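Reviewing the structure listed below.
Because only heavy atoms are used, hydrogens play no part in the values below, and waters and symmetry mates are left out as well, while side chains stay in. Bear in mind that the values here come from a model prediction, so they are computed numbers and not experimental data.
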Amino acid sequence: MPRRKFVAGNWKMNTTIKSAVELARCLVAKIGQADMDLAVCPPFPYLLAVRDALAGSRIALGAQDVFYENDGAFTGEISAAMLKDAGCTHVICGHSERRHVIGETDEIVNRKLLKALGEGLVPIFCVGELLAERQAARTLEVVSRQVRLGLEGVSAADAARVVLAYEPVWAIGTGVVATPQQAQEVHALIRKLLEELYGPELARRLQIQYGGSVKASNARELLHCPDIDGALVGGASLKAEEFEGIVRAGL
Ligand code: 13P
């Protein structure tokens, strides 16, 4: 069976409650029934309002992060159970902004991933190299390490529910998109690594999104590469027409 495409919007630290709900409503009207896996990841305080706006559509609700403990004295953190309670089905784990701005390590990302899976959430597990790492021909090494350490202790049954996202850090928010060849090369490499870890059948089934300056105008050629199964979209997911264009490019 061919893999389904999956386009998700990561709204990052943007929108207001009003604009978030408006954006969600607009997306429901435009692509709410599109035959593709779809999700949006609003900021935490807007999850409930966006959940209500998405009701009845095929657009899933995701969070941008999760903490790796169940409950207790962890001021400011949000548990996987809370996300589930708030209507989330998906959660982004290991986004590069959390790795490089907040300082999350592979070990922390792994703990978050395990907790999300344990709660039945679908983790959107992000990996990607820095510009300096690409220039030093270390892309393969860095991405392999992130994938291996991130998935440590994840059973094959649980791995079947993981979505990967390859987001080269130099392409995020820069307007510099990876060429389809550059992206496809790393996606194929990630799939090969997944094959080593979990066998060919599972590796064939897992979705791997590309993220980094995806727009309606460049989505088609990316989304039609053999190992690119969708997109994780930042800036362009804040504009309903752009996000719609990306989704339509993948249909
Ligand atoms: P941009 O689409 O704004 O480059 O962001 C990509 C991203 O980080 C999605 O998670």
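- In terms of heavy atoms, A39 sits closest to F243 at O-CZ, 4.1 Å.
- Within the 3.5 Å criterion, the main-chain N or O of R204 finds a donor-acceptor partner in the side chain of R3.
- At distances below 3.5 Å, not a single donor-acceptor pair connects side-chain atoms of E129 with backbone N or O atoms of V143.
- In this structure the side chain of E107 never reaches within 4.5 angstrom of the side chain of L149, judged on heavy atoms.
- One finds a salt bridge joining D229 and R191 here, because a Lys/Arg side-chain nitrogen approaches an Asp/Glu carboxylate oxygen to under 4.0 Å.
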Carefully, step by step, assess F6 and H90 under the rule ring pair (Phe, Tyr, Trp, His ring centres under 6.0 Å). CA-CA 12 Å; F6 179 16; H90 293 69; 5.4 Å; yes

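- When the side chains of ILVMFWY residues are joined at heavy-atom separations under 4.5 Å, either directly or via intervening members, M36 and L223 end up in a single hydrophobic cluster.
- Counting only distance, with no hydrogens or angles, the side chain of S79 and the backbone of D71 share no donor-acceptor pair below 3.5 Å.
- Between V109 and C126 the shortest side-chain heavy-atom distance does not fall below 4.5 Å.
- Heavy-atom minimum distance, D37 versus Q207: OD2-NE2, 3.0 Å.
- Side-chain contact between S237 and L232 is absent, with no heavy atoms from C-beta onward closer than 4.5 Å.
- The shortest side-chain heavy-atom distance between L114 and V154 falls under the 4.5 Å cut-off.
- When atom types are taken as modelled, the side chain of Q184 and the backbone of D227 share a donor-acceptor pair closer than 3.5 angstrom.
- The existence of a salt bridge linking E152 and R148 is excluded, since no basic side-chain nitrogen approaches an acidic carboxylate oxygen closer than 4.0 Å.
- Of all heavy-atom pairs between L27 and W11, the closest is CD1-CZ2, 4.3 Å.
- A salt bridge between K215 and E242 is absent, with no side-chain N of the basic residue lying under 4.0 Å from a carboxylate O of the acidic one.
- Nearest approach of V233 to V7, heavy atoms of both residues: CG2-CG1, 4.2 Å.
- Across every non-hydrogen atom of L54 and I59, the tightest pair is CD1-O, 3.7 Å.
- In this structure, F67 and F74 have tilted ring planes: the angle between them lies in the 30° to 60° band.
- A distance-only check finds a donor-acceptor pair linking the side chain of S213 to the backbone of G175 [under 3.5 Å].
- V147 is listed as a side-chain neighbour of L193, based on a closest heavy-atom distance under 4.5 Å.
- Side-chain atoms of K115 never come within 3.5 Å of backbone atoms of V66 as a donor-acceptor pair (strictly under, hydrogens ignored).
- Under a 4.0 Å N-O distance rule, the pair K112/E104 qualifies as a salt bridge.
- By the criterion of side-chain heavy atoms lying less than 4.5 angstrom apart, applied directly or through intervening Ile, Leu, Val, Met, Phe, Trp or Tyr residues, F125 is grouped together with L194 in one hydrophobic cluster.
- Formation of a donor-acceptor pair under 3.5 Å by the R134 side chain with backbone atoms of W170 is not found in this model.
- Taken together through direct or relayed side-chain contacts under 4.5 Å among Ile, Leu, Val, Met, Phe, Trp and Tyr, L47 and I124 form parts of separate hydrophobic clusters.
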H100 and V169: side chain to side chain contact (heavy atoms under 4.5 Å, CB included), yes or no, with the steps? CA-CA 9 Å; H100 299 296; V169 181; 4.0 Å; yes

Quick one, L189 with L140, criterion side chain to side chain contact (heavy atoms under 4.5 Å, CB included). Give me CA distance, side-chain angles, the key distance, then yes/no. CA-CA 8 Å; L189 190 149; L140 168 60; 3.2 Å; yes

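- Side-chain contact between V162 and V122: absent, with no pair of heavy atoms (C-beta onward) separated by less than 4.5 Å.
- Residues I108 and L151 fall into different hydrophobic clusters, defined by Ile, Leu, Val, Met, Phe, Trp and Tyr side chains chained together at heavy-atom separations under 4.5 Å.
- Each of N14, I17, T15 was evaluated against P43; a single residue qualifies, T15, per the side-chain contact (heavy atoms from CB on, under 4.5 Å) test.
- Residues I92 and N10 have side chains in contact (heavy-atom distance under 4.5 Å, counting atoms from C-beta outward).
- The number of heavy-atom neighbours closer than 6.0 Å to NZ of K30, taken from other residues, nucleotides and ligands shown, is above 12.
- Under the 4.0 Å criterion applied to side-chain N and carboxylate O atoms, R111 and E69 are assigned as salt-bridge partners.
- Within the 3.5 Å criterion, the main-chain N or O of L48 finds no donor-acceptor partner in the side chain of Y46.
- Between the side chain of Q64 and the main chain of K12, a donor-acceptor pair closer than 3.5 Å is present.
- Ion pairing of E141 with R145 is absent here, as no side-chain N (NZ or NE/NH1/NH2) approaches a carboxylate O to less than 4.0 Å.
- Expressed to the nearest 0.5 Å, how far CD of Q33 lies from CG of L38 amounts to 10.0 Å.
- At a threshold of 4.5 Å between side-chain heavy atoms, the hydrophobic network of Ile, Leu, Val, Met, Phe, Trp and Tyr places I190 and V142 in two separate groups.
- Under 4.0 Å is where a charged nitrogen must lie from a carboxylate oxygen, and between D65 and R98 at least one such pair does.
- Summarising the geometry of L121 relative to R161, their closest heavy-atom pair is O-NH1, 3.5 Å, with the distance given to 0.1 Å.
- Side chains of Q209 and K5 form no contact here, defined as non-hydrogen atoms less than 4.5 Å apart.
- A donor-acceptor pair under 3.5 Å links the side-chain atoms of Y210 to the main chain of A178, judged by distance alone.
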